[in-house]
Amino acid sequence: MKALIYKDMTLSWRWSSGIFLLLLAILIGVGITSGIDNTWKIVPAVFAFHTFILLPLTMGYDEESSFEAFALGNVATAKTYVTGKYVFAWIESVLGLITTFVVGAFVARYPGSELIFYVLSGLLIPLLISSIMLPPIFKYGAEKGRGVMAILYILLYLSIFGLREYLPGLYEWLSSLPAFPWLPALIFLGVVLLIHALSFVLSVKWQEKKEF
Amino acid sequence: MKAILDIQGLTKTYRDFQLGPIDLQIPTGSIVGFIGENGAGKSTTIKSIIGLVHPEEGEIFFEGNRLDPKSRELFERIGVGLDELHLPKEMTITQIGIFCHKFFRDWDPSLFESYLRRFSLSERKKMKELSRGMRMKLSLTIALSHHPRLLILDEATSGLDPIVREEILDILLEFIQDERNSVLISSHILSDLEKAADYIAFIHQGKMVFLEEKDMLREDYALYSPKETERESVDPAAIVASRKNNFGETWLVYRNRMPKEWRLDRPSIEEIMLFYLKGEKNESLNI
């Protein structure tokens with residue numbers, strides 16, 4: 001698996017660096033216009049967007065060269081290959097968590113009780129994005145998978161948009177829970193990890209069925 | 001004959017093609033040439049061995065251990081070279097070396113570098129800058145550099161010039177100098193197999209026709225162009241297949257069933273294969 005992660009990092013570092021610099025420039029621009037208090041809250045979105053671009057990119061490189069035929073015809077299992085992509089997503093997520101915490105706690109000096117949601121977002125939003133993105137790409141390939149993924153995101157957005165009037169009520173309910181914000185944070189963590197685990201199992205199952 | 005690879009009852013069904021059941025044993029310390037016409041099932045058989053295709057039935061044993069696609073441990077000792085090297089085109093050979101070092105447990109960087117020097121492959125070149133011949137040399141380099149016991153090559157010499165093919169054949173012959181090593185190579189270039197192979201495995205329309213020692217094959221079979229008056233004096237069971245051409249008829253025959261005093265020609269592997277594929281077969285032999 002180290003080999004697979006090395007390959008993905010080697011192939012994507014130029015794009016990765018370029019995207020990060022662009023996003024950093026956007027952050028700085030937002031920071032200048034809106035101040036640090038609002039800017040640091042979109043750090044999780046930076047890592048989420050980075051994951052959104054990078055994972056299909058690495059899958060596209062693999063598809064272009066039929067790399068899976070090399071890997072799975074040699075010593076890699078389908079599970080190892082899939083794990084390599086999910087680990088890539090985890091690396092993004094952990095970086096997102098650390099960055100959000102550092103910026104939120106030490107730069108914006110946000111209070112701890114509300115900081116927890118943003119720090120968790122830094123971890124969980126990239127995980128959620130990869131959970132939705134990867135199974136269609138494993139099933140249908142990088143090209144068609146992107147199309148399926150776009151449809152899923154549109155459905156997700158429409159669902160959230162349709163439920164927006166309930167969001168203030170949801171926040172009130174969450175605030176009334178005991179051990180707020182820790183219990184809602186743990187629930188959020190649990191739900192995303194469950195979705196992530198199901199996504200992984202599905203991806204492995206579909207990858208194992210593939211023939212080359 | 002001790003087999004390094006033992007394929008038993010391998011079956012794979014597609015909509016318009018059925019492979020198998022295939023039984024094939026690769027003897028230890030030998031080069032087995034795997035031949036057959038396009039679409040005969042060579043690549044499907046090889047892909048079934050290495051796990052790129054999932055057969056419905058059959059078992060494959062490597063050094064007596066069952067190969068399981070979900071556990072790739074045994075594949076550390078199998079080197080694979082397909083008809084194309086499926087690595088990202090933006091990777092340099094140096095990066096591929098680092099990748100392989102992390103990928104294969106028994107990767108030998110010094111062996112990798114020695115093959116690169118032997119094949120005059122520059123480490124700074126990217127995959128997309130390599131010609132087909134260079135990619136095949138790199139493919140063989142990778143396959144050899146993790147100390148495999150068995151090399152499986154699927155059309156690895158196709159499309160290469162004679163000089164490159166000669167280099168590759170030399171490497172294969174060196175590889176089996178260690179009598180524990182073996183090679184299974186599928187190829188349409190039968191002249192290469194005539195030079196290098198110890199055994200020939202012939203597959204036709206998804207079925208194994210024979211696996212025989214190459215030299216014995218050329219001893220067992222013969223070619224003969226009969227005169228009209230000679231036809232009656234030949235045992236019908238001696239005739240494997242016949243082909244007509246502008247000059248008459250030629251038979252592929254079993255040498256030991258023909259009259260000893262008759263002057264028979266030694267066939268090439270290609271001629272044997274063509275008779276099986278294109279000749280009018282002796283139905284009573286159930287070939």
Side-chain angles (χ1 to χ4, degrees), chain A residues 1-18 54-85 87-88 91 137-139 141-142 200-201 203-212, chain B residues 12 14 43-44 46-56 67-92 94-107 126-128 135 138-139 142-143 145-146 148 151-154:
Chain A
M1 196 167 56
K2 280 189 290 188
L4 301 176
I5 295 168
Y6 166 79
K7 172 193 67 74
D8 285 340
M9 292 214 169
T10 302
L11 288 170
S12 64
W13 75 268
R14 276 208 180 91
W15 275 103
S16 178
S17 316
L54 223 53
L55 276 177
L57 184 74
T58 64
M59 299 292 284
Y61 275 122
D62 287 356
E63 195 166 291
E64 186 189 33
S65 62
S66 301
F67 171 75
E68 288 158 277
F70 175 87
L72 302 175
N74 278 286
V75 298
T77 62
K79 192 172 175 184
T80 308
Y81 179 74
V82 169
T83 307
K85 299 300 180 195
V87 164
F88 209 62
I91 291 171
I137 295 181
F138 279 116
K139 173 87 173 156
F200 177 77
V201 167
S203 294
V204 170
K205 192 176 156 197
W206 280 336
Q207 183 64 29
E208 280 176 346
K209 285 196 170 137
K210 275 190 189 170
E211 295 189 330
F212 303 92
Chain B
K12 175 69 182 172
Y14 293 101
S43 290
T44 305
I46 285 175
K47 286 179 180 178
S48 297
I49 297 168
I50 62 178
L52 293 184
V53 151
H54 311 307
E56 284 98 35
L67 280 180
D68 178 6
K70 289 192 181 176
S71 161
R72 305 296 288 188
E73 174 66 29
L74 290 174
F75 287 90
E76 293 280 357
R77 296 202 294 280
I78 299 176
V80 176
L82 300 178
D83 59 345
E84 188 51 76
L85 180 56
H86 297 293
L87 288 171
K89 61 182 186 182
E90 292 297 328
M91 286 183 87
T92 64
T94 302
Q95 289 168 339
I96 288 168
I98 296 169
F99 166 80
C100 289
H101 198 166
K102 299 174 192 297
F103 192 61
F104 294 103
R105 186 189 59 213
D106 296 327
W107 184 255
K126 289 186 178 182
M127 273 288 293
K128 65 183 179 186
R135 289 198 302 277
L138 181 59
S139 177
I142 293 169
S145 296
H146 62 102
L151 267 186
I152 298 179
L153 304 174
D154 186 15

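Proteins come first, then strands; the chains are lettered A, B, ... in the order of their sequence lines, and each starts at number 1. It should be emphasised that the depicted structure is a prediction, and the values quoted were computed from it without experimental measurement.
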Can you pull out the donor-acceptor contacts between chain A and chain B, under 3.5 Å, including backbone atoms?
from: E64(A); atom 1: OE2; to: K89(B); atom 2: NZ; distance (Å): 3.0
from: S65(A); atom 1: O; to: H86(B); atom 2: ND1; distance (Å): 3.2
from: L72(A); atom 1: O; to: R72(B); atom 2: NH2; distance (Å): 2.6
from: N74(A); atom 1: O; to: R72(B); atom 2: NE; distance (Å): 2.9
from: N74(A); atom 1: O; to: R72(B); atom 2: NH2; distance (Å): 2.7
from: E208(A); atom 1: O; to: H54(B); atom 2: NE2; distance (Å): 2.9
from: K210(A); atom 1: O; to: H54(B); atom 2: NE2; distance (Å): 2.9
from: E211(A); atom 1: OE1; to: K12(B); atom 2: NZ; distance (Å): 3.4
from: E211(A); atom 1: OE2; to: K12(B); atom 2: NZ; distance (Å): 2.8
from: E211(A); atom 1: OE2; to: H54(B); atom 2: N; distance (Å): 2.8
from: F212(A); atom 1: N; to: L52(B); atom 2: O; distance (Å): 2.8
from: F212(A); atom 1: O; to: K47(B); atom 2: NZ; distance (Å): 3.3

Toward chain A, the part of I152(B) with a non-hydrogen atom under 4.5 Å: neither
In chain order, what residues pass the ring-ring contact (aromatic ring centres under 6.0 Å, His included) check against F75(B), with sequence neighbours excluded? none
Could you look at L72(A) and say if it's the side chain, the backbone, both or neither that has a heavy atom under 4.5 Å from chain B? both
Given a strict heavy-atom distance threshold of 4.5 Å, which part of A78(A) is in contact with chain B: side chain, backbone, both, or neither? neither
Leading residue by heavy atom contact count with chain A [cutoff under 4.5 Å; candidates L52(B), L82(B), I96(B)]: L52(B)
Parallel, tilted or perpendicular, as decided by the 30° and 60° cut-offs, for the rings of F67(A) and F99(B): perpendicular
